[in-house]
Structure formats: structure tokens, C-alpha cells
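Computed over heavy atoms, backbone and side chain alike; hydrogens, waters and symmetry mates excluded. Since the structure is predicted, the reported quantities are computational estimates derived from the model, not experimental observations.
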Amino acid sequence: MYTSAGVRYIPNLLTVTRILVTPLLLLLLTVPSQEGQATALALFVLASLSDYYDGVLARRFQVRSRLGQYLDPLADKILVLGTFGMLAFEEPNLVPWWAVVVIALRDVAVTGLRSWVEAWGKTLHTYRVAKLKTMIQLAFLFGILVLRTATHLSPPIRQWATWVLQESALPGIALAVVVGFTVATGALYLVAPVEEQVEAE
């Protein structure tokens, strides 16, 4: 299928845009106002959607590239770990640093394993369930950002959001699920059969 030169660059352009937007998103998370938090939420949603659409467009136009295979997971890590890290700085009661360290170590371990495998001339592909891991992480972060934005709205939404974030056990339970699933998917690369793997985006 013929693809114009301009279209070929769109997936990677979306990926690079996701990387460039993340620092602004993290900065806005430190702004204690409705406008700051709402804008951070909007940027997070747009960045998350770009993660989906760059893969869709790459498959539709058959424009997979080595650069895209490198940049896409890198952009995911920058967005996810950056947001987790900023929340740990801003809301350590919601996202403790140990959780960020565990998630980061999992990514470092898998990246190291992939580099080692590729050094032997082979390829370590991404598991379908590992892609689900990223979706679960993004969903958790989205929920926290929505609630942080809601704490700047009018009552009773403000009180409800504050209660969920500060007094209920829901964020802690959700984070435990995220961390557990993240660690479990990392372990798959050591114990699961190779034939269950699929090509990375």
C-alpha cells in the first residue's frame, strides 16, 4: 500500500509530541488551582490518546520503523513515570515513593533484559498483557488527576473528591493493584512461554 511521505511521519510525530508535552504537564501539576489541575488533566488525556493513535496509524499505514519501536515505549515511560513521580512529590500520601521505585525498577529490568537479548541478535517482543499494564497505569493516573481537579470545584463535589483522596482507602487499593499488576507483567518475561509474545509497537 502506497503511503505519502507526510503520513509516514505522523505516528512518530505523535510520539515525540507526547514526550515534549510531558514536562509542561508535570509543571502544571504543581499549580494549586482549578485551571492548573484541569489543564494538566487535559494534557494527560491528550498524551494518553496519542499513545493509542500513534500505534493505530502505524498499523493502518504500515509505517512501522525502528525509531518508532524505540520512541513509543520511551514516551510511555516518560509520561507514566514522570506523572507518578510528580504525584509522589505533591501527594506522597496518595502515591508513596516506594511505589514509584518499584514501577521504575520493573521497567529498568525489562529494558535491560531486552537489551541483553538484542545483543545476542534476537528480539524480545512485548506481551499483550504488558500493553494492558500501561492502560491500567494510565487509568489510575487519570482517576487521581480527575479527583485532584475536582477538589477545586464547588461543593459538594469538592468535599466528595477530598474524601476519596484523603480519607478513603480507594486510592491505596487501586495503587496496590497497579503495582501488583506491573510487577507480575515484568515477571512474565522470565517465566512465560515465548510464543505468547507479539510484536512491539
Just how far is it from atom [atom1] of [X] to atom [atom2] of [Y], taken to the nearest 0.5 Å?
{"X": "I19", "Y": "L14", "atom1": "CD1", "atom2": "CG", "result": "11.5 Å"}
{"X": "L26", "Y": "F44", "atom1": "CG", "atom2": "CZ", "result": "10.5 Å"}
{"X": "T15", "Y": "L20", "atom1": "OG1", "atom2": "CG", "result": "11.0 Å"}

Identify all side-chain donor-acceptor contacts of residues 77-90 below 3.5 Å with residues at least two apart in sequence or on another chain.
from : atom 1 : to  : atom 2 : distance (Å)
T83  : OG1    : L79 : O      : 2.7

With sequence neighbours excluded, residues passing side chain to side chain contact (heavy atoms under 4.5 Å, CB included) with [X]:
{"X": "V45", "value": "L41, L49, F142"}
{"X": "A161", "value": "L147, A150, T151"}
{"X": "L24", "value": "L28, L43"}
{"X": "V177", "value": "none"}

For [X] against [Y], the heavy-atom pair lying closest together:
{"X": "L94", "Y": "P171", "value": "CD2-CB, 3.9 Å"}
{"X": "A75", "Y": "R18", "value": "CB-NH2, 3.4 Å"}
{"X": "S48", "Y": "L138", "value": "OG-CD2, 3.7 Å"}

Which hydrophobic side chains are connected to [X], either touching it within the sub-4.5 Å cutoff or through other members that do?
{"X": "L153", "result": "I157"}
{"X": "L13", "result": "none"}
{"X": "V101", "result": "L105"}

Open item on the list: Considering only residues two or more places apart or on different chains, which pairs with a residue in residues 20-42 satisfy side chain to side chain donor-acceptor pair (under 3.5 Å)?
Closed with: Q37-R148
- [ ] Could you list all the side chain to side chain donor-acceptor pair (under 3.5 Å) pairs where at least one residue sits in residues 154-183, not counting sequence neighbours?
- [x] N93-Q166, Q137-T182
Task: Listed once per pair and sorted, the salt bridge (Lys or Arg N to Asp or Glu O under 4.0 Å) pairs that draw on residues 78-89, sequence neighbours left out - done: none
Open item on the list: According to salt bridge (Lys or Arg N to Asp or Glu O under 4.0 Å), does anything in residues 171-187 pair up with another residue at least two apart or in another chain? List the pairs.
Closed with: none
Task: Cluster link L145 to L27, ILVMFWY, side chain under 4.5 Å - done: no
- [ ] Consider only side-chain heavy atoms of I, L, V, M, F, W and Y, link residues closer than 4.5 Å, and tell whether V183 and W97 are in one cluster.
- [x] yes
Open item on the list: Determine whether W98 and V179 satisfy the following criterion, side chain to side chain contact (heavy atoms under 4.5 Å, CB included), listing intermediate values before the conclusion.
Closed with: CA-CA 10 Å; W98 67 262; V179 173; 4.1 Å; yes
